[in-house]
Participant: 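The structure that follows is given in the form of structure tokens.
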Amino acid sequence: QVQLVESGGGLVQAGDSLRLSCAASGRPLETYTVGWFRQAPGKEREFVSAIDWGRTSTYYADSVKGRFTISRDDAKNTVYLQMTSLKPEDTAVYYCAADVIADNYVSSYDYDYWGRGTQVTVSS
């Protein structure tokens, strides 16, 4: 069992940057896959990025590739999502999620543990 808490969301203008944090407690994330998902009003929750905690492998949705970067701090048991060149279509509630093994890391249904989310709003 692991507890996840997101932070770092806010209101920014198009072209600005934000860094989201996902702090884990209760269990180390050494053997976990950690993913970021987002959900905008009226839309399905979609995959954004993921990282294999025990490896250096990272994965990105095509819509954010080249703009977002996922990283980790093992000592702090925390995963970050650095977002640059933000667009209005990036507006959503962003969630971090974790699972011991995510066979299909792009699917939200493969993750057992979720944070409460943090709101990101990008104005034009």
Side-chain angles (χ1 to χ4, degrees):
Q1 184 80 298
V2 62
Q3 304 294 321
L4 305 174
V5 179
E6 304 97 332
S7 62
L11 174 63
V12 298
Q13 294 181 332
D16 285 352
S17 300
L18 280 175
R19 189 182 74 164
L20 305 183
S21 299
C22 176
S25 61
R27 300 283 293 179
L29 293 174
E30 182 179 5
T31 62
Y32 284 71
T33 297
V34 179
W36 285 96
F37 294 80
R38 66 187 183 187
Q39 187 166 23
K43 295 186 177 181
E44 298 290 328
R45 187 169 298 184
E46 66 173 337
F47 169 77
V48 176
S49 184
I51 185 169
D52 290 332
W53 195 259
R55 301 176 60 193
T56 58
S57 299
T58 58
Y59 314 92
Y60 298 94
D62 290 341
S63 60
V64 305
K65 191 174 298 183
R67 299 189 298 120
F68 291 9
T69 303
I70 191 169
S71 62
R72 73 192 195 198
D73 187 327
D74 293 351
K76 295 182 178 180
N77 211 31
T78 298
V79 172
Y80 303 96
L81 184 68
Q82 178 67 48
M83 307 185 296
T84 62
S85 301
L86 283 164
K87 305 174 181 179
E89 52 262 43
D90 295 319
T91 295
V93 177
Y94 284 71
Y95 301 88
C96 66
D99 201 18
V100 176
I101 299 176
D103 293 330
N104 299 301
Y105 57 84
V106 300
S107 174
S108 63
Y109 299 104
D110 278 16
Y111 294 81
D112 291 332
Y113 309 105
W114 292 82
R116 295 178 180 178
T118 185
Q119 177 71 50
V120 173
T121 302
V122 184
S123 62
S124 60

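Numbering of residues begins at 1 and proceeds along the displayed sequence.
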Participant: Between atom CD of Glu46 and atom OG of Ser107, what is the distance when rounded to the nearest 0.5 Å?
Facilitator: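 If we round to the nearest 0.5 Å, Glu46:CD and Ser107:OG are 13.0 Å apart.
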
Participant: Under 3.5 Å, side chain of Ser21 to main-chain N/O of Glu6, donor-acceptor pair present?
Facilitator: no

Participant: Does Thr33 have any side chain to side chain donor-acceptor pair (under 3.5 Å) partners at least two apart in sequence or in another chain, and if so, which?
Facilitator: Asp52

Participant: Give a yes or no on whether the ring-centroid distance for Tyr111 and Phe37 is below 6.0 angstrom.
Facilitator: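 That pair passes the under 6.0 Å test.
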
Participant: Which value, rounded to the nearest 0.5 Å, describes the distance between Tyr94 atom OH and Gln119 atom CD?
Facilitator: 9.5 Å

Participant: Stepwise, does the side-chain contact (heavy atoms from CB on, under 4.5 Å) test hold for Gln13 with Leu86?
Facilitator: CA-CA 8 Å; Gln13 294 181 332; Leu86 283 164; over 6 Å; no

Participant: Looking only at heavy atoms, what is the nearest atom pair of Arg27 and Val2, with distance?
Facilitator: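 Looking at all heavy atoms of both residues, the shortest contact is O-CG2, 3.9 Å.
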
Participant: When Tyr32 is tested against each of Val79, Ile51, Asp112, Val100 for side chain to side chain contact (heavy atoms under 4.5 Å, CB included), which residue passes?
Facilitator: Val100

Participant: Would you name the heavy atoms of Ser108 and Trp114 that are closest together and state the gap between them?
Facilitator: O-CZ2, 3.3 Å

Participant: Where is the tightest heavy-atom contact between Gly117 and Val93, given as atom of each residue plus distance?
Facilitator: CA-CG1, 3.9 Å

Participant: Identify the heavy atoms of Ile70 and Tyr60 that sit nearest to each other, and give their distance.
Facilitator: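 Shortest heavy-atom contact: N-OH, 2.9 Å.
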
Participant: How many angstroms lie between atom NZ of Lys65 and atom OG1 of Thr58, to the nearest 0.5 angstrom?
Facilitator: 9.5 Å

Participant: Rounded at 0.5 Å granularity, tell me how far CD in Glu89 sits from OG in Ser124.
Facilitator: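 The distance works out to 10.5 Å.
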
Participant: Going from CZ on Arg72 to OG1 on Thr78, what distance comes out if it is rounded to the nearest 0.5 angstrom?
Facilitator: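 These two atoms lie 12.5 Å from each other.
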
Participant: Can you tell if the side chain of Asp16 reaches within under 4.5 Å of the side chain of Val122, non-hydrogen atoms only?
Facilitator: no

Participant: Checking side chain to side chain contact (heavy atoms under 4.5 Å, CB included) between Thr118 and each of Leu20, Val5, Leu18, which is the one that passes?
Facilitator: Leu20

Participant: Of all heavy-atom pairs between Ala40 and Ala92, which one has the smallest distance, and what is that distance?
Facilitator: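 Closest approach of Ala40 to Ala92, heavy atoms only: N-CB, 3.9 Å.
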
Participant: Mind checking what makes side chain to side chain donor-acceptor pair (under 3.5 Å) contact with Asn77, not counting sequence neighbours?
Facilitator: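 Here no residue qualifies.
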
Participant: Are Phe68 and Val120 connected into the same hydrophobic cluster when the rule is that any two of I, L, V, M, F, W, Y join if their side-chain heavy atoms are below 4.5 Å apart?
Facilitator: yes

Participant: Taking side chain to side chain donor-acceptor pair (under 3.5 Å) as the test, write out the residues that go with Arg67, two or more places apart.
Facilitator: Asp90

Participant: Do Tyr59 and Phe47 pass the side-chain contact (heavy atoms from CB on, under 4.5 Å) test, and can you show the C-alpha distance, the side-chain angles, and the key distance before you say yes or no?
Facilitator: CA-CA 10 Å; Tyr59 314 92; Phe47 169 77; 4.2 Å; yes

Participant: Which atom pair, heavy atoms only, marks the closest approach of Tyr113 to Leu4?
Facilitator: O-CD1, 3.5 Å

Participant: Side-chain contact, heavy-atom cut-off 4.5 Å: Asp110 with Tyr105?
Facilitator: no

Participant: For the side chain of Asp73 and the backbone of Ala75, is there at least one donor-acceptor N/O pair under 3.5 Å apart?
Facilitator: yes

Participant: Hey, are the side chains of Arg38 and Ser63 touching, using non-hydrogen atoms and a 4.5 Å cut-off?
Facilitator: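 Answer yes - side chains close enough.
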
